[in-house]
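Because only heavy atoms are used, hydrogens play no part in the values below, and waters and symmetry mates are left out as well, while side chains stay in. For clarity, every value in this text was computed on a predicted model and none was experimentally measured.
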Amino acid sequence: MHFSKILLVCLVAFVCSSVADDEDYRLPYNYILYHYDIDLVIPAESFTETSSNYNGSVAITFQVIESTNTVKLHASASNIVLEEIRLDDKEPTFKNVSSVTNILTLEFASDLIPEQNYTLNINFTAQLLSGGGFYKVSYTDHENTIRYTATTQFQATSARNAFPCFDEPVYKATFAYNLTYPAELNAWTNTPSIANNTLDDGLVKTQFGVSPRMSVYLVAFTISRYTCSEGDLEGTSEFQHRVCSRLDKEDARQWALEVTPKVIYHLNSYTSFNYTSAMSKLDQMAVPGKSGAMENWGLVIYGESTLLFNSTLQTSATKQSIAGIISHELAHMWFGNLLTCRWWSETFLNEGFASLFQYYTTHYAVPEFEMEKQFVVRTLQYVLGIEAYTGVPALRSNASTPSEISGKFGTYTYNKGASVLRMIEHILGRETFKDGIRLYIASNAYQSVEPEDLWTALEDGASNNIPNLPVDISLSNVVDNWINKGGFPVVNVELANNIITMSQERFLYSGSDDEDSTWYIPITYTRSSSNDFNEDTSPRGWVTPSANFSLTAFSASEWIVVNNQETGFYRVNYDSTLRENLASALKQDNFSGIHVTNRAQWVDDSYALARAGYLTFGQVLSNVEFLENETEYFTWYPAATLFNYLLQRTGTSQLLGARLTSHLLSLLETAVSTYALDELDESQHVNTLTSILINTYACKYGHTTCTNAAKTLFRTYKSSSDLSSRPNINIRSLVYCNAIRYSDNITGDWQFLYEKYQDSALSGDSSYIWTALGCANDTDVLKAFLSKVLENDDVITSSLYGSVFSTIYVAGEVGLDTVLDFFSDNYAAILEVYSNAGSVLTGLSSYITKTSQIEKLEALLATVGTDSTLAAPIQTALNTANENQAIIEAHRASLHEYFGLDTTSTPSTTSTTTTTTAAPDGNDEENGDDEEEVEGDDSAEVDSATTLSRTGLVGLVVIGLINSVYFGL
């Protein structure tokens with residue numbers, strides 16, 4: 001009925017356009033906005049299943065810059081029914097709303113004149129949506145009653161779905177609100193309430209104060225039964241911050257209450273602009289069903305899992321993640337709210353800073369998390385891993401349509417933005433950078449900004465004297481290509497005649513750089529004679545677009561590390577002499593003093609260089625032999641990615657995979673003895689992360705110390721079945737999975753966990769148990785699990801069908817073979833109950849390690865025929881599997897040579913006894929410590945060895961964006 005009404009309005013009242021060029025998505029830059037008065041009425045029936053209607057009015061005060069008889073703003077053509085429209089006392093002579101751009105065009109009989117205030121009044125009706133804009137979500141409360149919440153998510157282009165507005169970030173104004181809603185509910189907006197008026201119809205009307213000058217996407221309101229817990233802000237009870245949620249989550253608010261004042265204190269101090277200078281209150285609200293978080297000024301809205309922490313049910317990694325998300329969102333109060341990118345093409349000015357302070361501020365608030373080091377391995381190295389392709393977007397790139405704008409909220413903007421800003425900080429020096437940021441904020445508060453405003457402030461903050469820049473080159477020149485071009489460089493470091501020469505080229509896994517990209521690259525380095533990693537991260541030289549950088553009097557026996565603490569956004573490729581010298585230095589006592597982040601860089605760069613064809617994986621394994629003495633989390637983090645990448649392609653049952661597995665276990669020996677699984681001390685945060693990471697791989701690949709500990713911890717729980725006897729929450733998933741994987745009583749152990757999965761009292765354990773159910777290495781048990789998909793099982797409902805298959809095939813070769821066989825035998829029945837059955841085959845293709853598995857796919861394709869709906873996904877799976885195997889074939893000779901195997905042999909199943917029966921991947925326990933983290937194998941691309949052309953074998957790139965969970969951060 002609602003759709004029909006909208007359609008009728010379009011046909012009768014408006015001229016509805018349906019085609020638009022990119023430039024038509026933008027409003028003309030012809031308005032100076034001052035103020036909105038927003039009045040909304042949400043009746044009681046809209047907080048039920050049967051209705052979502054609301055009505056409202058908006059009054060917008062503005063001026064025009066140039067004379068015009070036309071006013072353009074936004075109003076959703078599909079959700080807003082416009083009723084009365086008046087500009088002061090005048091009605092429009094023409095009105096048009098585009099169903100494509102949602103731009104409302106109003107024409108008036110006479111021109112609007114500059115420097116004169118006008119008020120545009122619009123009455124309308126609309127509906128609460130299911131997501132995006134002003135929307136409604138349901139939840140079941142502690143009394144088992146379904147309740148409804150009305151809340152908002154306006155970034156980036158959804159305010160227009162809630163009320164008519166100038167929905168572009170440049171158009172800032174102040175906002176005041178009146179909300180009318182059921183009296184038994186509570187309401188929040190950006191500003192405090194200042195008056196309540198109880199009405200006769202069971203509704204209450206609340207008037208809220210005036211906001212600071214801000215963009216419309218930051219407007220927020222929530223109406224619900226939530227309650228709040230309060231804490232002091234800025235060290236005084238004069239200012240309060242509140243953490244709000246449904247009542248039964250009250251106990252989980254404490255961590256946010258504890259960390260928020262520390263976060264605000266750091267950001268106040270760093271920026272020299274206090275939060276309360278702009279906003280008198282801070283509410284942080286947890287909304288069921290919401291993903292990520294949204295930085296609305298004064299009313300930050302999170303999903304429950306990103307704000308609330310229960311130490312009984314959630315891990316230390318989750319606690320860290322929540323602190324980081326809070327830091328990210330509150331950093332936006334300055335970077336995004338107080339200062340806002342002028343247009344979404346410069347979104348990195350909002351999100352890059354917020355992502356950087358996500359680590360810096362959390363590092364201050366909770367120093368034991370060591371977040372500044374974590375930035376290197378989690379953010380910088382991650383984005384380097386997915387930026388090495390042609391066609392990646394620049395940080396500053398055009399975005400016009402809503403879908404293009406949404407695309408700006410991804411890994412490149414967040415991670416690369418933060419990484420480039422961090423590099424600039426180290427170019428200038430940390431104190432000089434801070435001075436520039438303070439000036440940037442002071443000069444542009446409550447305004448919209450462009451990158452040039454930042455560069456100007458940084459230069460002015462340094463009194464236009466930045467000694468570390470190239471001669472006669474400004475900061476804006478230095479950063480230009482880092483901002484306006486996609487990709488990044490590799491610095492090639494070569495030694496000849498006692499002279500080191502550093503040159504650059506664009507780093508690509510495959511293909512060629514048609515643009516001949518170059519950058520101003522800050523060079524920091526430490527040579528064996530100086531060892532000043534901690535002291536010097538300012539540039540000691542530059543590789544420029546027109547010149548290399550050289551060092552003289554360098555002995556062939558010396559080592560050098562380039563890019564101190566990986567502060568520069570580039571990779572480093574050493575020639576064979578320098579590479580061997582550095583690999584040897586790392587095997588000396590205390591790693592020759594080489595900083596832990598540079599050890600992590602060495603591992604990550606080596607891995608990437610092999611994928612790009614600069615090195616072989618045999619050479620990479622030589623580079624990382626020092627890991628046998630390594631116990632640091634930050635170095636093992638990229639090392640886990642490296643071995644995960646290889647073992648996901650070699651498997652463990654064939655000769656090469658078995659040797660690689662044995663080699664990994666030998667490298668892990670010292671770390672395993674340092675971080676015993678059954679001696680976890682979760683009061684030591686980074687040690688906890690390290691223990692999880694190390695034991696994830698040690699257990700998975702059969703290290704008996706780890707597997708025995710896992711089995712013992714599981715038996716203790718099973719024998720008592722008391723909740724208090726469960727393994728520590730941080731290692732629970734690891735213990736469950738490996739107790740099943742190496743079970744001596746697989747049927748009984750598996751059934752025990754399956755029954756626990758059904759126990760509602762253990763709902764917090766459900767995800768850990770579910771993963772463990774797929775870890776079995778018993779074919780009969782796995783087939784019985786798979787059969788539940790076809791049995792109309794009360795527990796395994798249709799929403800879980802895809803997960804049944806994936807949790808099995810990611811866990812091991814036995815599981816993958818079992819899924820392939822089961823699918824081949826039952827594909828017709830599977831298609832009847834699971835319409836997305838093809839996704840099972842495309843999903844498992846990344847885990848194929850044997851020719852026999854490829855042959856099973858080929859046989860299935862022959863059976864179903866080319867007309868089947870399964871034909872395309874099978875072919876896609878075959879392409880991916882063959883591409884992954886081509887990677888290993890390209891490197892097989894170097895790997896065989898490294899392990900002393902016959903370099904002419906073909907893959908074969910080995911009868912050699914190994915310490916594992918598990919499979920290659922790591923994705924089911926990805927880097928072991930953080931359920932939010934997405935990393936590891938981000939492509940199915942074919943690498944090449946140094947003997948192959950770097951442009952020869954090209955695969956299909958599949959990029960998983962880490963900050964997708966943060967859309968709207």
Side-chain angles (χ1 to χ4, degrees), residues 9-10 12-38 56-77 80-124 156-157 159-176 213-217 219 340-346 398-402 405 446-450:
V9 169
C10 286
V12 176
F14 301 112
V15 178
C16 282
S17 57
S18 59
V19 178
D21 296 326
D22 279 1
E23 58 269 21
D24 294 332
Y25 282 88
R26 299 288 299 274
L27 298 178
Y29 186 61
N30 193 39
Y31 312 107
I32 302 171
L33 267 63
Y34 291 99
H35 182 72
Y36 286 73
D37 283 308
I38 300 171
S57 65
V58 60
I60 309 172
T61 303
F62 69 101
Q63 292 183 2
V64 295
I65 298 172
E66 297 180 352
S67 296
T68 180
N69 73 331
T70 301
V71 176
K72 291 189 175 186
L73 67 160
H74 292 100
S76 169
I80 291 180
V81 178
L82 300 170
E83 297 180 341
E84 184 180 13
I85 302 175
R86 300 186 72 85
L87 181 69
D88 294 336
D89 59 349
K90 301 179 180 66
E91 294 185 359
T93 58
F94 172 83
K95 49 194 174 186
N96 163 276
V97 63
S98 167
S99 60
V100 177
T101 66
N102 288 309
I103 289 178
L104 168 63
T105 301
L106 304 173
E107 293 182 4
F108 297 91
S110 57
D111 280 0
L112 285 73
I113 302 169
E115 299 184 4
Q116 179 175 323
N117 284 359
Y118 296 91
T119 299
L120 179 65
N121 294 276
I122 303 176
N123 295 337
F124 62 94
T157 59
R160 66 194 67 174
N161 295 335
F163 56 90
C165 57
F166 292 81
D167 198 5
E168 293 186 0
V170 69
Y171 286 120
K172 291 193 168 193
T174 58
F175 294 81
R213 185 172 175 81
M214 64 187 192
S215 302
V216 70
Y217 77 86
V219 167
T340 310
C341 62
R342 184 178 178 85
W343 179 244
W344 301 114
S345 54
E346 290 86 43
N398 183 54
S400 297
T401 69
I405 292 167
Y446 306 106
Q447 303 300 317
S448 57
V449 290
E450 295 183 291

Can you tell if the side chain of Lys172 reaches within under 4.5 Å of the side chain of Thr340, non-hydrogen atoms only? yes
Report yes if some heavy atom in the side chain of Val97 is under 4.5 Å from a heavy atom in the side chain of Lys95; otherwise report no. no
Which atom names give the shortest non-hydrogen contact between Ile80 and Ala162, and what distance separates them? CD1-C, 3.9 Å
Closest approach of Val216 and Phe175, non-hydrogen atoms and distance? CA-CZ, 3.8 Å
Do Arg342 and Tyr29 pass the side chain to side chain contact (heavy atoms under 4.5 Å, CB included) test, and can you show the C-alpha distance, the side-chain angles, and the key distance before you say yes or no? CA-CA 11 Å; Arg342 184 178 178 85; Tyr29 186 61; 3.3 Å; yes
To the nearest 0.5 Å, what is the distance between OH on Tyr118 and OH on Tyr31? 12.5 Å
Provide the closest heavy-atom pair for Thr101 versus Arg160 in the form atom of the first, atom of the second, distance. O-NH1, 3.6 Å
So how far is it from Asp37 CG to Thr61 OG1, rounded to the nearest 0.5 Å? 7.0 Å
What distance do His74 atom NE2 and Asp167 atom CG have between them, rounded to the nearest 0.5 Å? 6.0 Å
Who passes side chain to side chain donor-acceptor pair (under 3.5 Å) against Ser215, sequence neighbours left out? none
Side-chain contact, heavy-atom cut-off 4.5 Å: Phe166 with Val71? yes
For Tyr217 and Trp344, I'd like to know if the aromatic rings sit close, meaning centre-to-centre distance below 6.0 Å. yes
Would you mind reporting whether Ile122 and Phe163 have side-chain heavy atoms less than 4.5 Å apart? no
Within the 4.5 Å heavy-atom criterion, are Val58 and Cys165 side-chain neighbours or not? no
Which atom pairs, one a donor and one an acceptor, fall under 3.5 Å between side chains of residues 102-112 and the rest of the protein, sequence neighbours left out?
unit_1, atom_1, unit_2, atom_2, d
Asn102, OD1, Ala77, N, 2.8
Asp111, OD1, Asn69, N, 3.4

Residue pair Val170, Trp343: steps toward the side chain to side chain contact (heavy atoms under 4.5 Å, CB included) verdict: CA-CA 7 Å; Val170 69; Trp343 179 244; over 6 Å; no
Decide if atom CD of Gln116 counts as having more than 12 heavy atoms of other residues, nucleotides or ligands within a radius under 6.0 Å. yes
Can you confirm whether Phe62 sits close enough to Asn30 that some side-chain heavy atom of one is under 4.5 Å from a side-chain heavy atom of the other? no
Flag, side chain of Ser448 to backbone of Tyr171, donor-acceptor distance under 3.5 Å: no
All heavy atoms of Ile60 vs all of Pro164, minimum pair found to be CD1-O, 3.9 Å
How long is the gap from OG on Ser345 to CD1 on Ile405, to the nearest 0.5 Å? 9.5 Å
Mind checking what makes salt bridge (charged side-chain N to carboxylate O under 4.0 Å, His left out) contact with Glu66, not counting sequence neighbours? none
Glu115 vs Ile113, side chain to side chain contact (heavy atoms under 4.5 Å, CB included): CA-CA, chis, key distance, verdict: CA-CA 7 Å; Glu115 299 184 4; Ile113 302 169; over 6 Å; no
Do Leu120 and Ile85 come within less than 4.5 Å of each other through their side chains, counting heavy atoms only? yes
Can you find a heavy atom in the side chain of Phe94 that is under 4.5 Å from one in the side chain of Thr70? no
Heavy-atom pair of closest approach, residues Phe124 and Ser57: CE2-N, 3.6 Å
